[in-house]
Amino acid sequence: MTLQTDVAAHYGRDELLARLDAALRQLGKDPTRLTIDDLAPIDEFHARGREATVEIAAALPAGITGEVLDIGSGIGGPARYLAARYGLEVAGIDLTPQCVATARELTRRCGLEDRVRFLEADATRMPFASGSFAAAVTVHAAMNIADKEALYGETARVLVPGAAFVIYDILQGPGGEVAYPTPWSMDGRTSFLVDPPALCRLLADAGFEVLEIRDRTAESIEWFEAMAARAAAAGGPPPVGLHLLFGPVFAEMRDNLLRNLREARIAPTLIRAVRR
Ligand SMILES: C[S@@+](CC[C@H](N)C(=O)[O-])C[C@H]1O[C@@H](n2cnc3c(N)ncnc32)[C@H](O)[C@@H]1O
């Protein structure tokens with residue numbers, strides 16, 4: 001197995017759409033006609049969900065003309081948000097075939113397919129000509145990518161000079177080794193976290209200037225605590241949520257995230273950079 005097949009096996013679920021449709025019906029929604037808000041509890045697959053996506057979008061400069069690249073787009077929540085709320089054109093790339101297929105279908109059901117497209121591709125070997133994109137975002141994907149020189153080198157290559165690059169990733173904290181399973185890795189074998197100084201060096205070497213670093217550990221603790229409290233009060237997770245992807249182990253992943261956050265083993269961090 002290569003890293004790519006391991007990562008795709010971790011995230012790929014053939015049955016996800018059927019489970020999601022059943023959960024949406026349980027909430028009285030028509031799964032064939034959706035809004036981005038219907039999907040937010042499952043398609044914003046990162047610490048602080050929609051709250052973080054709003055922050056990521058706001059960290060992009062106003063008035064972008066041209067397509068935005070979303071690297072590791074999952075089932076498409078951040079890409080659809082940028083299109084629906086900001087009118088942007090977005091291309092998402094993801095390694096996992098089921099994620100790409102699900103992202104396309106959900107985008108069609110939200111009526112956003114004229115502005116958002118998804119391609120199956122590896123972020124370390126992007127199928128685009130140099131200077132293809134006006135801006136880029138990447139949300140909680142680099143944790144699974146070992147070759148970060150290739151990831152950020154490829155990102156720099158496909159962006160036009162002066163383009164904004166917004167990263168929201170889980171970085172390594174000073175508190176020691178990460179406790180697994182987490183939503184990005186069952187046992188750490190597909191996990192490649194770097195700390196903030198290492199990420200800044202990687203970005204500088206790839207041709208980016210880092211403008212701002214925002215540690216979102218405290219906000220993430222609050223968010224996961226609220227999620228755990230809601231589940232405890234309701235006697236289980238809400239119908240639509242990430243447990244549809246991972247099953248019962250998601251509760252353990254969430255609890256490990258809280259422990260990792262409280263013990264400073266991980267640090268969800270937003271970085272604003274610009275392609276020199
Ligand atoms: C935790 S999910 C985040 C999805 C999405 N960015 C979001 O925030 O909702 C991580 C995604 O990164 C993708 N990914 C991991 N390694 C990748 C690579 N080398 N190239 C492209 N996508 C990758 C996975 O397939 C998965 O869909």
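All ligand and atom numbering here is 1-based and tracks the order in the structure.
- Residues forming a side-chain hydrogen bond (donor to acceptor under 3.5 Å, both in side chains) with Thr5 (at least two apart in sequence, or on another chain): Thr2.
- By the side-chain hydrogen bond (donor to acceptor under 3.5 Å, both in side chains) test, Tyr168 is found to be paired with Arg48, residues two or more places apart in sequence or in another chain being considered.
- Panel note: side chain Arg157, backbone Phe128; a donor-acceptor pair is recorded below 3.5 Å.
- Side-chain N or O atoms of Arg115 include one that pairs as donor or acceptor with a backbone N or O of Ala83 at under 3.5 Å.
- Donor-acceptor pairing under 3.5 Å is recorded for the side chains of Arg80 and Thr107.
- Residues passing the side-chain contact (heavy atoms from CB on, under 4.5 Å) test with Ala267, sequence neighbours excluded: Asp215, Thr217, Thr269.
- Listed by chain and residue number, the protein contacts of ligand 1 are Val7, Tyr11, Asp43, Glu44, Phe45, His46, Gly72, Ser73, Gly74, Pro78, Asp94, Leu95, Thr96, Cys99, Ala121, Asp122, Ala123, Val139, His140, Ala141, Asn144, Ile145 (heavy atom within 4.0 angstrom).
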